[in-house]
Amino acid sequence: MEIIENAIDYVEEFFKNDHSGHDYSHTMRVYLNAMKIAETEDADTFIVALSALLHDIDDIKTSPTTTENKDNARKFMEDNKVLPYVQEKVLEIINEISFKGNHKTPNSIEGKIVQDADRLDAIGAIGIARAFTYGGNKNRKMYDFSIEPKENLNEENYRDENSTTINHFYEKLLKLKDLMNTQSAKIEAEKRHQFMIKFLKEFYDEIGVEDL
Ligand code: ADP
Ligand code: NI
């Protein structure tokens, strides 16, 4: 499908200089995971594909100088003559899926699938790698046991600098498996979750502490 190929080229160009964890490879993993999940759901795969590919291009966090979401997804779809009802659905999904401390469940099955795929990419081996990459990028400490994990993340404190990457596991990553929408994502999330538990055990063992 030409529009999907255009979208892949578009995001590759878009994320060329972004190494914050919102990059082309993240987008492609979300896209491929979403397509895989969609195989076992009754979903419109074109909407799933387009929403996955465009899901991060309007986020304020990919452009720290703005305070409002951008209009890139809509512009891309206009330029590519995507049908109006598809455009609307894709924009709704992009809006719904970002975590930012709240637990909004998308209305459509397509949105649920893309949210699951995005969340899967935050856990397991890849999620661990992304978390430490993010932490390094933000100059965060790997761990500091005098800083408590935050009980509840919300839009205000989510970007708060005063935390550690290990705390992020307790604040977010270990909670994600229970937030999956689809059956196949639940199974994959459970596997990735167990890997993170194993990682944390080994981590504490190597630095000689009991647990958090
Ligand atoms: P998304 O909307 O895809 O979850 P985020 O910007 O929230 O995007 O996160 C991008 C990546 O960085 C994710 O893998 C996430 O777990 C990680 N990350 C976000 N906040 C932190 C943090 N405070 N410490 C460590 N990793 C983080
Ligand atoms: Ni994402």
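Both counts, for ligands and for their atoms, begin at 1 and track the order of listing.
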For this session: Just give me the atom name: the N, O or S atom of Asp118 closest to the Ni ion (ligand 2).
Result: OD1

Problem set entry | N, O or S atom within Asp56 nearest to the Ni ion (ligand 2), by name | OD2

Problem set entry | Cationic N near anionic O, under 4.0 Å, Glu190 to Lys186 | no

Do any nitrogen or oxygen atoms of [X] lie less than 3.5 angstrom from nitrogen or oxygen atoms of ligand 1?
X	answer
His168	yes
Arg130	yes
Lys172	yes

Problem set entry | Ring centers of Phe195, Phe199 separated by less than 6.0 Å | no

For this session: Answer yes if the ring centres of Phe14 and Tyr24 are under 6.0 angstrom apart, and no otherwise.
Result: no

Problem set entry | With the Ni ion (ligand 2) as the apex, the NE2/NE2 angle for His26 and His55 - to 10° | 100°

Exercise. Heavy-atom distance to atom 3 (O) of ligand 1: which of Thr27, Asn167, Leu176, Asp118 wins?
Worked result: Asp118

Exercise. Is it true that the NZ or CZ of Lys138 lies under 6.0 Å from the centre of Tyr134's six-membered ring and within 45 degrees of the ring axis?
Worked result: yes

Exercise. Should you measure from each heavy atom of Ala131, which atoms of ligand 1 turn up under 4.0 Å away?
Worked result: 25 (C), 26 (N)

Seminar exercise, completed: Counting heavy atoms under 4.0 Å, the part of Leu173 that contacts ligand 1 is side chain

Exercise. With backbone taken as N, CA, C and O and side chain as the heavy atoms from C-beta onward, which portion of Arg140 lies under 4.0 Å from ligand 1: side chain, backbone, both, or neither?
Worked result: side chain

Exercise. Restricting to pairs with a member in residues 76-87, which pass salt bridge (charged side-chain N to carboxylate O under 4.0 Å, His left out), not counting sequence neighbours?
Worked result: none

Seminar exercise, completed: Tightest non-hydrogen contact, residues Ala122 and Leu173, listed as O-CD2, 3.3 Å

Exercise. By side-chain contact (heavy atoms from CB on, under 4.5 Å), which residues pair with Glu88, not counting sequence neighbours?
Worked result: none

